[in-house]
Each structure stands twice: as structure tokens, then as C-alpha cells.
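Step one of this worksheet: look at the structure below.
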Amino acid sequence: MATDSWALAVDEQEAAVKSISNLQIKEEKVKPDTNGVIKTSSTPEKTDEEEKEDRAAQSLLNKLIRSNLVDNTNQVEVLQRDPNSPLYSVKSFEELRLKPQLLQGVYAMGFNRPSKIQENALPMMLAEPPQNLIAQSQSGTGKTAAFVLAMLSRVEPAERYPQCLCLSPTYELALQTGKVIEQMGKFHPELKLAYAVRGNKLERGQKISEHIVIGTPGTVLDWCSKLKFIDPKKIKVFVLDEADVMIATQGHQDQSIRIQRMLPRNCQMLLFSATFEDSVWKFAQKVVPDPNIIKLKREEETLDTIKQYYVLCNNRDEKFQALCNLYGAITIAQAMIFCHTRKTASWLAAELSKEGHQVALLSGEMVVEQRAAVIERFREGKEKVLVTTNVCARGIDVEQVSVVINFDLPVDKDGNPDNETYLHRIGRTGRFGKRGLAVNMVDSKHSMNILNRIQEHFSESLGASSARPSPSRA
Ligand SMILES: Nc1ncnc2c1ncn2[C@@H]1O[C@H](COP(=O)(O)OP(=O)(O)OP(=O)(O)O)[C@@H](O)[C@H]1O
């Protein structure tokens with residue numbers, strides 16, 4: 001949708017939402033039960049382990065639905081291992097002096113110039129002698145393309161044994177990276193790729209002749225040690241992709257370290273991560289000696305351009321009624337409705353359908369491919385409304401969404417306000433300066449309290465006027 005028509009749609013929506021006051025919802029005080037407890041639906045449905053799995057699924061989803069680079073206007077931070085060596089950055093792929101077949105591959109992928117992180121990362125990764133690198137930037141900024149280019153540049157096709165080893169957290173993520181290798185290496189048909197993933201059985205005693213091996217830590221470890229399909233001493237480039245997702249999976253961290261220990265000293269070690277919490281940093285330091293470090297901060301989200309409202313209701317059915325009353329207004333453009341649990345999301349999508357509304361449901365029960373298909377349809381505008389849960393939609397950017405409805409307010413597993421999630425659901429990055437609208441459904445004293453606390457939080461950090469929801473009720 002073009003920006004102008006988008007802005008128009010928001011204006012119309014804003015006007016329509018101002019008429020929320022016509023809603024036929026009566027206000028009633030919420031009474032605590034006899035023990036003075038107000039019941040909420042904040043019980044988490046998922047275990048930690050399932051949450052962790054979601055990180056890998058999330059990452060895969062983003063890869064499946066992404067078609068372009070993610071814009072980022074922040075400065076790249078570079079920390080060189082040797083601060084006295086000159087800092088190279090490139091503005092074109094030609095400057096990198098790639099093999100002609102590789103340059104052809106890059107252009108065939110539609111890349112005209114290096115992305116922000118690639119400008120600095122590529123000269124470092126391709127330098128002689130090889131240098132180690134730890135790089136962090138949000139998903140979609142061109143990390144995969146960068147390390148694939150580095151691996152392809154270093155491979156000697158005439159030598160028929162594995163020279164580059166890339167670890168991915170899951171089978172599916174390994175396949176995605178493999179696809180990029182195949183695309184970029186298209187004009188190098190003699191280059192071969194093997195997948196070290198569960199189920200890929202080879203005969204004992206066999207040696208792998210493929211140049212690049214990509215796989216999950218457990219299988220790669222077996223192939224390097226127990227089964228000896230790979231001679232780790234001949235590896236020239238070792239890539240550890242999605243380090244943050246990797247360490248969230250039981251056992252992967254240790255396996256990765258054990259693999260790293262088998263590699264020769266002069267092997268180039270490269271580690272990539274979308275986030276850089278302490279645990280990732282500690283892990284990175286263990287597996288990448290003497291690193292250069294590149295960081296690109298995530299573009300900050302703000303609530304400045306978002307009009308926020310709340311609707312007071314007494315229970316879930318009233319929230320549903322309020323939503324139906326709003327429906328005409330929110331579907332001028334596209335809306336996302338967030339629920340706390342899968343169950344509520346399914347219920348809500350079913351109820352809205354019964355009312356004759358065409359909605360999409362994005363739910364944790366779906367396999368990743370199904371989720372990607374739902375998001376793709378929504379992005380194409382085939383459905384105007386997407387009902388989802390927080391876990392499911394975390395990190396997914398659907399740029400044309402201008403209305404966000406918190407059918408349930410975001411709370412953490414202890415039932416406390418989850419400010420970060422609120423910001424992610426509603427906030428916009430500054431790059432497009434897009435305006436938007438958020439409607440919070442409040443159905444109890446407790447949820448009003450949550451909303452007040454969210455509001456207080458953002459008043460402090462973002463300025464009172466930008467975050468204070470305007471009351472809107474019968
Ligand atoms: N220099 C470039 N010019 C144009 N498009 C690019 C460039 N580099 C990468 N892309 C494209 O941008 C998208 C994101 O790139 P890439 O997958 O490398 O990012 P990433 O940081 O590894 O993200 P993720 O970890 O989610 O895969 C892909 O569709 C990729 O083809």
C-alpha cells in the first residue's frame with residue numbers, strides 16, 4: 001500500500017475509533033472473588049522448552065517470509081582486534097575482488113550493493129590472512145549472505161574434501177542457508193554441498209567429498225569425531241550461525257564448542273547472532289578467539305506516532321462485542337489482534353468468522369510452513385485481520401499493519417506488565433515515520449492496573465503524551 005493511501009486509511013481509522021464512545025458497553029466495577037483475588041488468564045500455556053523451540057521457528061519464519069533487506073539507519077559499531085590496522089569498508093561488490101563466478105552469483109540474486117553490515121563485515125572476512133569475526137545484527141540485515149560469500153570465496157573446488165563447516169540450530173534453518181549457498185554459488189557448478197543433519201545416513205568408513213558441510217551441531221560432531229566422515233583438521237572456515245538460537249537449545253552449546261576444539265588453529269571462525277545478550281557474548285568468546293566485532297543496533301521502536309486508546313469492558317464477551325463494533329473501522333487498512341493464549345486466539349477467530357468477518361489465525365499449533373503461508377496471505381492483503389498470540393507473532397514485521405488491538409494486554413509469565421512486548425506489538429521504527437492506532441481491551445481492575453503500569457513505564461522512558469491511552473468507553 002502506498003504511503004499516502006496508508007496515511008489516509010489511518011486518518012479514517014482514527015476518526016472511526018473516536019466514535020468508540022458509541023459502544024453499547026456498560027461499565028461495571030470488577031469485584032474480586034471472596035479471597036480478594038481477581039482472576040486473570042495469565043497462566044502461561046507453554047513450557048520454557050517450547051518457547052525455546054519457538055525461537056528457531058521464529059527465525060525460520062522470518063527467513064521464509066522475507067523478500068528484502070531490513071532497513072536500518074543506525075551506525076555500525078566496529079571493534080577491531082588490531083586497532084592500528086586500517087578499517088576497510090566497501091560500497092560495491094566489485095571492490096571485494098571476488099571470483100567472477102561469485103560476483104555473477106551475487107548480481108543474479110539481485111544484490112546491487114553491500115548491505116550496511118556487509119560493508120564492514122565482507123572486507124574483514126575476505127582479508128588475508130583470514131580474520132575471525134563476531135557479528136551481531138537483527139535478522140534480515142544480510143548476515144547469511146555475507147558469510148555464504150566468505151565461504152564460497154575460500155573454497156578450492158579442485159580439493160575434494162570439506163573445507164567450510166557451517167553450524168545451524170535446526171535442520172530447517174540449515175536447509176535455508178544451504179539454499180543461499182546454492183543460489184550464490186550457481187555459477188560455480190563444481191562446488192558441492194553436504195547436509196549434516198539427522199536422517200542423512202552415510203556408510204561407515206565413507207569420507208565426504210563435498211566442499212561445504214552445513215548441519216546441526218549433534219550430527220556434525222558425530223561426523224567429525226565418532227564417524228570420521230569429515231576431517232576437521234582440513235576445515236578453513238567455521239561458521240556458527242544464529243548463535244542466540246543455538247544456545248537456547250539444550251546441548252548445542254557444548255557440541256559447538258567440542259567441534260570448534262577439533263579445528264586447526266588457523267581456521268577462520270565466524271559467529272553470527274541477531275541478539276547479543278550476555279549468554280551469547282560468553283559463548284561467542286569461547287568459540288571465536290581474537291575476534292573482530294561488528295554490531296548493528298536494532299532500529300528502536302517508538303510510540304510517538306501511535307494513537308493509543310483503551311476500551312473498558314467487563315468480560316471476554318464484552319470485549320468481543322466491542323471488537324465487533326470497531327470492526328468496520330479497523331478493517332479500512334489491516335489490523336493485528338493479539339491474544340494471550342492460543343485458546344483465546346482460536347476462540348476469537350472462530351467467533352469473528354461466525355459473525356461473517358474474514359480473519360486469519362496465526363497459531364502456535366501450526367507448523368512453520370503453515371504459519372509462513374498465513375503471513376504471506378496477510379501481507380498480500382488477502383485477509384484484513386490477523387488474530388494471533390504474542391509468542392507466535394514476536395519479531396514478525398508486517399509493515400502495512402496500522403491498527404493493533406490488544407484483546408489481552410501483554411503480561412509476562414508472572415502476570416506482570418510486559419512493556420517490551422507492548423512496544424514490539426504497537427511501536428514503529430522511525431524509518432518510515434508511520435502512524436498507527438492501538439486499542440487496548442481492558443476487562444478487569446487487574447487489567448486496568450496492568451495498563452496503568454505500562455503507561456507509567458512509557459511516560460518515564462518515552463514521554464507522557466506519547467504513551468498515555470485516551471479513555472474511550474460508553
Ligand atoms: N546486499 C544485499 N542487497 C540486497 N539484498 C540483500 C543483500 N544481502 C542480503 N539481501 C537479502 O536480504 C534478505 C536478508 O538477508 P540475510 O538472510 O542474509 O539476512 P540475515 O541477517 O542473515 O537474516 P536472517 O538471520 O533472518 O536470515 C534476504 O532476502 C537476502 O537475499
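First listed ligand is number 1; within each ligand, the first listed atom is number 1. This one's a predicted model, so the numbers in the text were calculated from it and none came from an experiment.
Residues E376 and R379 are paired through a salt bridge, judged by an N-O separation under 4.0 Å between the basic side chain and the carboxylate. Using a 4.0 Å cut-off between a side-chain N of Lys or Arg and a carboxylate O of Asp or Glu, E128 and R154 qualify as a salt bridge. Salt-bridge check for R113 with E119: passed, with a basic side-chain N closer than 4.0 Å to an acidic carboxylate O.
Between S59 and ligand 1, a contact under 3.5 Å exists for no N or O pair. Looking at M109 next to ligand 1, no N or O pair under 3.5 Å apart turns up. The distance criterion of under 3.5 Å between nitrogen or oxygen atoms is met by G142 with respect to ligand 1.
Here F93 has side-chain heavy atoms under 4.0 Å from ligand 1, and that is the only part of it that gets that close. The part of R113 lying near ligand 1 is the backbone, judged by heavy-atom distances below 4.0 Å.
Of all atoms in ligand 1, listed by their number and element, those nearer than 4.0 Å to a heavy atom of S115 are 1 (N). Close contacts of ligand 1 with A145, meaning ligand atoms under 4.0 Å from a residue heavy atom, involve 8 (N), 9 (C), 18 (O). Taking a cut-off of under 4.0 Å to the non-hydrogen atoms of T141, the atoms of ligand 1 that pass are 19 (O), 20 (P), 21 (O).
A distance-only check finds a donor-acceptor pair linking the side chain of E95 to the backbone of S92 [under 3.5 Å].
The option with the heavy atom closest to atom 21 (O) of ligand 1, from among M184, K143, Q118, is K143.
Test R81, Q131, Q80 against N292 for side chain to side chain donor-acceptor pair (under 3.5 Å) and you get one pass: Q131.
By the 4.5 Å heavy-atom criterion applied to side chains, Y195 and I214 are counted as neighbours.
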>> Using the rule given for side chain to side chain contact (heavy atoms under 4.5 Å, CB included), can you reason through T170 versus L60, listing the C-alpha separation, both sets of side-chain angles and the distance that settles it, and then say yes or no?
In response: CA-CA 9 Å; T170 65; L60 181 61; 5.7 Å; no

